[in-house]
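These notes concern the structure reproduced below.
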Amino acid sequence: MICVAIANQKGGVGKTTTAINIATAMAASGWRTLLVDLDPQGNASTGLGIPTAERTHTSYDLLVEGSALPLCVKRTDIPNLDIVPATQDLSGAEVELVAVEDRVERLRRALSNADYDVCFVDCPPSLGLLTLNALGAADTLLVPLQCEFFALEGLSQLLQTVERVQERFNPRLGIVGIALTMFDRRNRLTDQVADDVRDCLGNLVFEHVIPRNVRLSEAPSHGLPALIYDHNCPGSRAYIGLARELIGRLPEQRKAA
Ligand code: ADP
Ligand code: MG
């Protein structure tokens, strides 16, 4: 199994939307896919139609209680796509794990026997213990980056964290790519930011850019990935392209691992 963390400490940059739709695209291409919701807000769980009442075993149990993975997994309505849902309880994990010795390796342990082809971890908007667990478990990192003025500033902090994780507890962590999200062609600043990011980071930036598209934001309220809700909207088509690009890059990440 190859594990991809989807992280950026900024909120509202498209992490969850990217996680849901790329996971769906890969599941549809035949990859046995697991999505771990590691954000106490549980947006990925909601977006995949798992009601709160059905989140009896969650990523909290996986991390804090040491529950076995199969117990915490729920099927989604999408063939090949399972999820470990999250609830508010998870916000306590940051505090409860502080004194635990293997606190940054909980997720890696929990996933060590997982029987999937690929696992995505949807991270919360911080660089705390939850995100560190995701980076500790991951073979590689995918960073959604919103095309706005402060985008690059947050990125350098994230890349420093990646270096620290590589040095301290996960030398095999790679960066598979940076996905530009909420791109608005009519906004000159957006264009400028996208150009700057490409100048700065070159090939690390995925060619496929995710446009700002209201269908992407409507889909979660129906408990459906945009890819299912409206397969043909520009946002869905962009995510299908991004997923294909990601699949092309994964073998390299695997080799590095
Ligand atoms: P994060 O997980 O980084 O906090 P989300 O994926 O939840 O970000 O996105 C934040 C908000 O923006 C959500 O309401 C989501 O539906 C919306 N959104 C995400 N991507 C797009 C997009 N490309 N176009 C329009 N709305 C988007
Ligand atoms: Mg989110």
Side-chain angles (χ1 to χ4, degrees), residues 4-25 35-50 52 55 58-60 83-88 90-91 93-94 120-128 130-131 133-135 141-148 150-151 153-155 157-158 161 177-187 189-191 193-194 197 205-243 245:
V4 183
I6 300 189
N8 183 331
Q9 74 276 24
K10 294 191 75 171
V13 298
K15 287 183 291 296
T16 301
T17 307
T18 300
I20 290 176
N21 287 294
I22 290 197
T24 299
L35 200 166
V36 178
D37 189 349
L38 218 55
D39 185 344
Q41 294 181 80
N43 294 149
S45 312
T46 307
L48 281 170
I50 312 290
T52 321
R55 300 177 205 170
T58 65
S59 49
Y60 175 89
I83 183 168
V84 178
T87 56
Q88 275 296 338
L90 188 59
S91 57
E94 295 264 7
F120 292 97
V121 186
D122 184 28
C123 291
S126 74
L127 292 175
L130 291 171
T131 296
N133 262 278
L135 297 179
L141 169 67
L142 188 159
V143 184
L145 198 74
Q146 190 180 347
C147 300
E148 51 153 37
F150 291 114
E153 210 166 281
L155 191 62
Q157 200 190 351
L158 179 59
T161 303
I178 293 168
L180 298 176
T181 62
M182 300 190 214
F183 185 82
D184 183 353
R185 239 187 316 150
R186 289 159 306 177
N187 181 336
L189 178 64
T190 306
D191 246 342
V193 171
V197 173
V205 185
F206 287 106
E207 267 167 47
H208 288 85
V209 169
I210 309 303
R212 195 172 271 288
N213 180 194
V214 69
R215 303 298 268 171
L216 291 177
S217 55
E218 287 168 3
S221 64
H222 300 269
L224 290 173
L227 247 57
I228 307 285
Y229 175 66
D230 183 349
H231 188 76
N232 248 325
C233 71
S236 292
R237 276 186 274 135
Y239 271 120
I240 291 168
L242 183 62
E245 212 182 332

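Every value quoted in this text rests on a predicted model; they were computed, and no experiment measured them. Numbering of ligands and ligand atoms starts at 1, following listing order. Quick note: residue numbers are just sequence positions, from 1.
Per-residue contacts place V13 under 4.0 angstrom from the following atoms of ligand 1 (heavy atoms of the residue considered): 1 (P), 3 (O), 8 (O). Atoms of ligand 1 lying under 4.0 Å from at least one heavy atom of I210, given by number and element, are 23 (N).
Nearest to atom 4 (O) of ligand 1 among the protein's heavy atoms is G12 N, 2.7 Å. In terms of protein heavy atoms, atom 20 (N) of ligand 1 is closest to M182 CE, 3.7 Å. The closest protein non-hydrogen atom to atom 7 (O) of ligand 1 is T16 CB, 3.9 Å. Ranking the protein heavy atoms by distance from atom 24 (N) of ligand 1 puts N213 N, 2.9 Å first. Looking only at protein heavy atoms, the nearest one to atom 26 (N) of ligand 1 is S217 CB, 3.7 Å. Atom 23 (N) of ligand 1 has as its closest protein heavy atom P211 O, 2.8 Å.
For the ligand labelled ligand 1, residue N43 lies outside the 4.0 Å heavy-atom shell. Residue contacts with ligand 1 do not include T181, since none of its heavy atoms lies under 4.0 Å from the ligand. Heavy atoms of G14 approach ligand 1 to within less than 4.0 angstrom. Heavy-atom separations between P125 and ligand 1 are all 4.0 Å or longer.
In summary, T16 places an N/O/S atom under 2.8 Å from the Mg ion (ligand 2), meeting the contact criterion.
Rounding to the nearest 0.5 Å gives a distance of 7.5 Å between OG1 of T161 and CG of L135. Note that the CG atom of N187 and the CZ atom of R185 stand 12.5 Å from one another [nearest 0.5 Å]. Here CG of N8 is found 8.5 Å from CG of L127. Values are rounded to the nearest 0.5 Å.
One option in D39, D184, T17 has a heavy atom closer to atom 19 (C) of ligand 1 than any other, and that option is T17.
Between N232 and D230, some side-chain heavy-atom pair lies under the 4.5 Å cut-off. Contact check for I22 versus Y239: side-chain heavy atoms found under the 4.5 Å cut-off. A 4.5 Å side-chain heavy-atom check between T17 and T181 finds every atom pair outside the cut-off.
Within 6.0 Å of atom NE2 in H222, more than 12 heavy atoms from other residues, nucleotides or ligands are found, so the atom counts as buried in its surroundings. Within a 6.0 Å sphere centred on CZ of R215, heavy atoms belonging to other residues, nucleotides or ligands number more than 12.
Shown here, atom 14 (O) of ligand 1 is out of close reach of the protein: none of its heavy atoms lies under 4.0 Å off.
Checked by distance only, ligand 1 and K10 stay at 3.5 Å or farther apart across all their nitrogen or oxygen atoms.
Between L180 and V197 the shortest heavy-atom distance is CD2-CG1, 4.1 Å.
For T16 and D122, the side-chain atoms include at least one donor-acceptor pair closer than 3.5 Å.
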